[in-house]
Number of protein chains: 2
Amino acid sequence: MASPPQTARSERTREALRRAATVRFLAQGVEETSAEQIAADAGVSLRTFYRHFGSKHDLLFADYDAGLQWFRRALADRPPGERVVESVQAAIFAFPYDVEAVTQIASLRADELDPRRIVRHMREVQSDFAHAVRDHLARRSDDPEAEALAITVTARCVAAAVFAGMEVWMQREERSLADLAELCRTALTSIENGLPVR
Amino acid sequence: MASPPQTARSERTREALRRAATVRFLAQGVEETSAEQIAADAGVSLRTFYRHFGSKHDLLFADYDAGLQWFRRALADRPPGERVVESVQAAIFAFPYDVEAVTQIASLRADELDPRRIVRHMREVQSDFAHAVRDHLARRSDDPEAEALAITVTARCVAAAVFAGMEVWMQREERSLADLAELCRTALTSIENGLPVR
DNA sequence: CCATGTTTTGTCAATAGTGACAGAACGCAC
DNA sequence: GTGCGTTCTGTCACTATTGACAAAACATGG
């Protein structure tokens, strides 16, 4: 239901909602902000809010979604013969991280965010990520139909590896971006030639 | 919030809810049945309904959850030295499928179930599945702490492979249980020694 | 400017899902 | 059986989400 921007008008509405949400989230916390407040601040009806963002949390993670698009393009731009693992790694690490935003989100998460919702959203992100990789592989395959299983398996495993890295990172006491990168890199390369644990 | 059965009393309530839900789902369809109706039929309040089943759809997939417990036990019972892929495969295929129930669900799904909710639930199931495998691997590891990444990566990839098999199966015209088994088996063995697509 | 088809919003009315708090039911020691 | 701590339920109130339908805002050819 979270439709992509169609007209300039709707893009203005989305922007207004994003702004309003950011202000509220930072000022009073995510769970303490109601969708209704955001809609009111943005000067639109609650229903319109939900037309643009499937849920309150979609809005919180709006950047992730934008990032996904970026990721898809980055993947498409990788050289033809390159190994998937390489391509994915390159695409991830070339991402123009807004360190400040990441930090902000990380700190929010610790305190006031319902863990269940985060977990649910991370699963969704992983799923989208896997789809992106799958499409990338399919685009390069001579016969995507015939290779459907191999492609799907590979895509999902690549995504699984990256998010496994994240999971391990999240459970650590100290969490530096460098560590996260290292974990994801290790996870990815470790599956290319077989499962790390047999 | 979907707490496990604690007392005989609560188990009776759960059972009543399950029965009521099954009747309604079959009679008038899933999306056309409200949580309130189910609660009323079972003679409990709506709130109690949500205490036992996190959502209306958890109830629909209650069997899957029971299956997960079964799966965990089956994994634990596998011989110590066995390769993960073997153990998981054995555990999956030893499962006492209620073919009739599976068929019933499959037919429901096709028609009256909101695809988004199914997808969301499948993601959750995959996540639980991965956790089960992770715990299994951790139990067998000499030093789970040190191997955290390898274990997490492996567990998630194993789950990814199985569900990749399901995904491909779902997209087929003809869907036989034998095909599903074959796809999952192929998917699993294909990742043990490296990604099927590099 | 006007008529008309499309896109975006708003309104209305339900259902879904949760937190907080109080009462009821249960299990157990005495 | 009584007292008491634990578990399960009901009630209340509120936020989250969505479907259906109508009004408003836009874009466009004439």
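Since the model is a prediction, treat every value here as computed from it, not as a measurement. Atoms considered below: every heavy atom in the structure, side chains included; atoms not considered: hydrogens, waters and symmetry mates. Protein chains get the first letters and strands the later ones, always in sequence-line order, with residue 1 at the start of each.
Taking the side chain as every heavy atom from C-beta outward, A:V44 and A:R14 never approach each other to under 4.5 Å.
Both B:T33 and A:V44 sit near DNA chain C, but only A:V44 has its closest nucleotide nearer the 5' end. Mapped onto DNA chain C by nearest heavy atom, B:A8 and B:S55 fall at different nucleotides, with B:S55 at the one closer to the 5' end.
Residues satisfying the salt bridge (Lys or Arg N to Asp or Glu O under 4.0 Å) test with A:R78, not counting sequence neighbours, are A:E82.
Residue A:E36 contributes atom CD, which lies 14 Å from atom C1' of C:dC12 at whole-angstrom precision. Atom-to-atom, CG of A:L17 to C1' of C:dG10 comes out at 14 Å; the value is rounded to the nearest Å. The interatomic distance linking B:E31 (CD) with C:dA16 (C1') rounds to 11 Å, in whole Å. Following rounding to the nearest Å, A:R12 (CZ) and D:dC26 (C1') show an atom-to-atom distance of 11 Å. Between A:K56 atom NZ and D:dT18 atom C1' the separation is 17 Å, expressed in whole Å. A:E11 places its CD atom 16 Å from the P atom of D:dC26, with the value rounded to the nearest Å. Rounded to an integer number of Å, the gap from B:F49 CZ to D:dC8 P is 17 Å. A:F53 places its CZ atom 14 Å from the P atom of C:dT8, with the value rounded to the nearest Å.
Closest to the A:R51 side chain, of the nucleotides D:dA20, D:dC8, C:dA16, is D:dA20. Among D:dT9, C:dA16, C:dG10, the nucleotide with an atom closest to any side-chain atom of B:T13 is D:dT9. Minimum atom distance to the side chain of B:R47 is reached by C:dG19, of the listed C:dG19, C:dT8, D:dC8.
Taking 4.0 angstrom as the limit, A:Y50 places none of its side-chain polar atoms (N or O) nearer than this to OP1 or OP2 of D:dT18. Applying the 4.0 Å criterion to OP1 and OP2 of C:dA16, one finds that B:H57 has every side-chain N and O outside that range. In this model, the phosphate group of D:dT9 is approached by a side-chain N or O of B:H52 to a distance below 4.0 Å at OP1 or OP2. Phosphate contact (OP1/OP2 of C:dC26, side-chain N/O of B:T7, threshold under 4.0 Å): absent. At least one side-chain nitrogen or oxygen of B:T48 sits closer than 4.0 Å to the OP1 or OP2 atom of D:dG10. The phosphate of C:dT9 has neither OP1 nor OP2 within less than 4.0 Å of any side-chain N or O from A:S45. Distances shown here put every side-chain N or O of B:S34 at or beyond 4.0 Å from the OP1 or OP2 atom of C:dA14.
Residue B:L46 is classed as having no contact, given no heavy-atom separation below 4.0 Å to the nucleic acid.
Using a 3.5 Å distance cut-off with no hydrogens or angles, the side chains of A:E167 and B:T152 do not pair a donor with an acceptor. Defined by atom type and a distance below 3.5 Å, a donor-acceptor pair is missing between the side-chain atoms of A:H52 and A:E11.
From B:E192, atom CD reaches atom OG1 of B:T154 across 10.5 Å, with rounding to the nearest 0.5 Å. Here the NE2 atom belonging to B:H136 is positioned 11.0 Å from the CZ atom belonging to B:R72, to the nearest 0.5 angstrom.
Remark: A:R18 fails to qualify as a cation-pi partner of A:F53 under the 6.0 Å distance and 45° angle criteria applied to the six-membered ring.
Taking five base pairs at each end of the helix from C:dC1-D:dG30 to C:dC30-D:dG1 and finding the rotation axis that steps the C1' atoms of four pairs onto the next four gives two axes whose angle is 10°, to the nearest 10°.
Applying the 6.0 Å contact sphere to CZ of A:R19 captures no more than 12 heavy atoms from other residues, nucleotides or ligands.
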